[in-house]
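Chain letters run A, B, ... following the sequence lines, proteins first and then strands; every chain starts at 1.
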Amino acid sequence: MEFAELIKTPRVDGVVLHRPFLPTVEGTLCLTGHHLILSSRQDNTEELWLLHSNIDSIEKRFVGSLGSIIVKCKDLRVIQLDIPGMEECLNIASSIEALSTLDSVSLMYPFFYRPMFEVIEDGWNSFLPEDAFKDLESMTDEWRLSEVNKDFSVCPSYPPLVAVPKDIDDETLRKVATFRHGGRFPVLSYYHKKNGMVMMRAGQPLTGTNGRRCKEDEKLINATLRPGKRGYIIDTRTINVAQQAKARGGGIESEANYPQWRRIHKAIERSNVLQESLIKLVEACNDQSHNMDRWLSKLEASNWQTHVKEILTTACLAAQCIDREGASVLVHGTEGTDTTLQVTSLAQIILDPSCRTIRGFQGLVEREWLQAGHPFQQRCAQSAYSNSKPRQEAPVFLLFLDCVWQILRQFPCSFEFSESYLVLLFEHAYASQFGTFLGNSAAERAKLSLPEKTVSLWSWVNRHQEIERLTNPLFEANSLVIWPSVAPQSLLLWEDSQYIDVIYITIIIIIIILFTISKKYYYDINA
Amino acid sequence: MEFIRLPKVENVKLLDRVSPRRSRVGTLYLTATHTIFVENEAGVRNETWVLHSLVCSLEKQAATSSGYPLLIHCKNFQVLHFAIPREQECQDVHLSLQRLSQPESYEELYCFSYKPNVDDEERQNEWDFMNLKADYSRMGLPNAHWKLSPANRNYKVSDTYPADLFVPESATPPVIVGSSKFRSRGRFPTLSYYSKENHAAICRSSQPLSGFSARCLEDEQMLEAILRSNPCSDFMYVVDTRPKLNAIANRAAGKGYENEDNYSNIKFQFIGIENIHVMRNSQQKMLEVCELRSPSMSDFLEGLESSGWLKHIKAVLDAGIFITKAVAEEGVSVLVHCSDGWDRTAQVCSVACVLLDPYYRTLQGLMVLIEKDWISFGHKFSHRCNHLVGDPKEVSPVIDQFLECVWQLMEQFPCAFEFNERFLITIHSHIYSCQYGNFIDLNLLPSTHSLWSYLWTNRTDYINPLYRPDHSQTQGLLRPSTAPYCFKFWRGLYNRFDQGIHPRQSVEDYLRTIQEETQQLEEQLASHKQSPTASGLILLPQDLNQTSIFSLSNSSDPESGIADLSCRSPLSEDSTRDPDSDEAVYSAA
């Protein structure tokens, strides 16, 4: 298929662009296969380059012959284009609609994008499971790297290499996989160096209504316990939801079969409920009535903050079990690809200082989200403005980033990165020139040959200029566990601050002054 | 002292609201001015001091296994939950505190017994620190349009107004006196703020005694004079900050609002800010939400909404923005009033000043503003803050709302204010504590101390390190967004004493440490230049980058290793400065 067929009008002059907090720009609008471009053709004015895949929905308005297109983006930006001429406006609108809803992955921009920068370190090779395992090996010899899933046949959503207890052979893993949702047998998520406790994740056990059991599954998870120790199973579903899952073949680990484990149920919402929550939140933020009661009741009704609180609370619980109780933890929900990952990744942010660095955070996203099989493409296909019926969309990753932001606000000096980094990941998860967030699992990414055909987001981020932009000037390595507060008063709404740049620059200036004075002092003394 | 029935109770429990495990056992002492709880734990000398004048309410609860509970709510939003072993002891403490926290005469107020080590001359200097005339000269007054009027020199025209007032050049004494007779409590229209750039002014007064049809020629002339003192404009706004219904109800009592037909060239505008009773109830409801034990997000947001508190804060800010726009953008003068012109009017005028003039966003400026628009114009602090035993219906958090409006603006414009949140909280505490004489409406001031001078002396504690007076976004007029999501719950004030919920690291403290260090190095550098021989004695930090880092993390919290820097109580601040490690190194040198 040729993109040209979809572009009815490639170019319109005299288009006016309106963006929040920015001056309007008048210029020429061009449509290409992947971008909507507005350029004033003057120096010093910023051009707009918007990926079609970033467009969530559009609205058309007409006043006389002047048409306006309101473009609502997946990254939650809303821009307006005033287009002279009714026909041009209609053509542009239908072209954008067609181009922004292309279904085929192989037509996505990352397959066409050629980097304008030199790739120093290929991000596709930066976070290989074997490298992560080398770090683990330096701390413990109780785990091994299994190749049981090398052709993705045991578990289609797992990577080819996974860390499992040393005493468990591949045959056992195959059996366990048949007992867990989506073949997601328990694997290592995190090893707590301080006390040797571990966090594992899995899919729900397939006990069904007649209480099926799997000796191999019991053996596998018991193999992670020290003699005489008990562990905790954190089920992200309420007990009712978990019981209901039995009817569909799912279920819970019964106390009788897992006597060494204590099960705790939490209530993290999933899929459609979250998508609706995001839609309601964004709608509340855009409410033009400026009525305080209405805002607060809409904010409350969106339940967004409740989800943030619930996820953080569960992550704190997991971290507490490991660090305070000295117990190992197994986390799962239903599939083990959404709420489970929110909990395991946030618990690591709390426990492990290395996850709070720029590179460490990439490693975390890579391990606990991309390789762990969070279906990014399904979850991020639509955002808050989409008019079409949600299918499998849900802001699971965005909620994770929001929770990280909450912790960052409470510990502003403990993260190497700033808020901009989280915003960047949010944007790229929904629309990107890079291939990192394409596909739903390692298997799909391999099939699409993403490492060969696209550029990794990490190749771009891990360059000097970008790192500098994303660095938190207040960072001081904090080697300790950081316990966030989850009181409602402590949780804020993650909004876009207009003045973040001013603050950032001011902080930099203050630090530079100290540095200059220190240097002067040093040289002067040594002179 | 005769009111103390029991000076000391042993084995008292101080309960922790959030986690009962953290409760502490100790001895409770009652002194003439404070309730003091001293923890028994060996090795630590942990004391909790509560000023009697800060006690807002006392509540005895049904006995529990840990004793007889006594709940103390403070005006600075501290809540103390004691459990006292015996019923009689609890009763005695309750009765003693009830009397001690409600002084019956001014002489009992804490400011008359607060005696820091300062001689009389210094104390006099403290009071001379604040000079309102200097602020009016800063505005360029008096000038060709505005003059200083001696009309109220002896407080004869209005006993709640200051002696020195600015009125339009053309306002004659008969006009002033005539107008004052037509206004509640004699509070005639007078100047609050003058904009040098465009001659527009903010004036304030009380409501006119217009009833259904009464007129007053002098009052009409007074407004005409205000209008004429702004040569660039041919009309002025009259802003009634009350809801229209309230204003209409006042007409039946012979009061009311200006009739546009009787005054030439005025545009009359209602801005519905609710009255003191609505505000008191609203804050009470919000505080109940703050005190909920582990609320869900919905409990909290629903509670916050039904309290209406943020809606009222928005109303005050919206009113301030209306006036700001009139003055700065249209160049039109505004007369603001409510009923008596000392509550809503004070709020709205002072909020407008903060928005208009960068000076009021400095440390000194905010103090001047409170002195001018609140103290000098007769805000009834003693009634509103319940300094003395009195009518509970007169109590209202009017000044709290002003301070919160400033805080909301600081959240939106983090680089536009010279002072920090701690400054606002300290002012708030001392408005209620009666430690200083500033908020006591009585001419006994010379025997008390002034808060302004205390704050100024300790100003380094209150500086916002992010302040950028040179930045384009912070100069001139502030244009805040009033979208509801821009209004936040002020955790730092209302949940100030709930340590667990505050950020565990503070950007502000971090930057302040860096700035202090920079200053130290500069001083060292200067002294080194003077005496080069000293160089051999100075210890050099190993890694210059780490010096700032070290000083922050050395006072670590056992749980997270994070210095708990954000929860220092401003009231005891003067005694809790931690010497940081670098200071120690340098002073040893």
- request: For A:M292 and B:L310, work out which heavy atoms get closest and say how close.
  value: CE-O, 3.6 Å
field: Pick from B:R491, B:E522, B:E302 with the largest number of heavy-atom pairs that fall under 4.5 Å of chain A
entry: B:R491
- request: Under 4.5 Å, counting heavy-atom pairs only, tell me which of A:S297, A:P484, A:A487, A:S479 racks up the most with chain B.
  value: A:S297
query: At a heavy-atom separation under 4.5 Å, does A:N291 approach chain B through its side chain, its backbone, both, or neither?
result: backbone
task: Answer whether the closest heavy-atom distance between the side chains of B:R504 and A:I482 falls below 4.5 Å.
output: no
Between CG on residue B:L301 and NZ on residue A:K298, distance to nearest 0.5 Å: 15.0 Å
query: Roughly how far, to the nearest 0.5 Å, is CG of A:L493 from NZ of B:K488?
result: 9.0 Å
query: In Å and rounded to the nearest 0.5 Å, what is the CG to OH distance from A:D287 to B:Y485?
result: 11.0 Å
- request: Under the side-chain contact (heavy atoms from CB on, under 4.5 Å) rule, what do B:M297 and A:V308 come out as? Steps first, then yes or no, please.
  value: CA-CA 9 Å; B:M297 204 68 195; A:V308 169; over 6 Å; no
- prompt: Can you tell me how far the OG atom of B:S306 sits from the CG atom of A:L296, to the nearest 0.5 Å?
  reply: 10.0 Å
- prompt: Highest number of heavy-atom pairs under 4.5 Å with chain B: which of A:S490, A:S485, A:P488?
  reply: A:P488
Region of B:S296 in contact with chain A, defined by heavy-atom distances below 4.5 Å: backbone
- prompt: Looking only at heavy atoms, what is the nearest atom pair of B:K311 and A:D293, with distance?
  reply: NZ-OD2, 3.2 Å
- request: List the atom of B:F300, the atom of A:Q489, and the distance in Å for their closest heavy-atom pair.
  value: CE1-CG, 3.6 Å
task: Check each atom of B:K314 against the heavy atoms of chain A and say whether the ones under 4.5 Å are side chain, backbone, both or neither.
output: side chain
field: Minimal non-hydrogen separation, B:P295 against A:K309, with atom names
entry: O-CE, 3.6 Å
- prompt: Given side chains that start at C-beta, do those of A:E300 and B:L304 come closer than 4.5 Å, heavy atoms only?
  reply: no
query: So do the side chains of A:H290 and B:P484 get within less than 4.5 Å of each other, counting heavy atoms only?
result: yes
field: Approximate separation, where rounding is to 0.5 Å, of B:C486 SG and A:W295 CH2
entry: 9.0 Å
message: Would you compute the distance between atom CD of A:E476 and atom OH of B:Y510 and round it to the nearest 0.5 angstrom?
response: 5.5 Å
query: Under the salt bridge (charged side-chain N to carboxylate O under 4.0 Å, His left out) test, which residues partner A:R237, sequence neighbours left out?
result: A:D235
message: Report which part of B:F489 has an atom under 4.5 Å of a heavy atom belonging to chain A: side chain, backbone, both, or neither.
response: side chain
field: Side-chain heavy atoms of B:L511 within contact of A:L474, under 4.5 Å
entry: yes
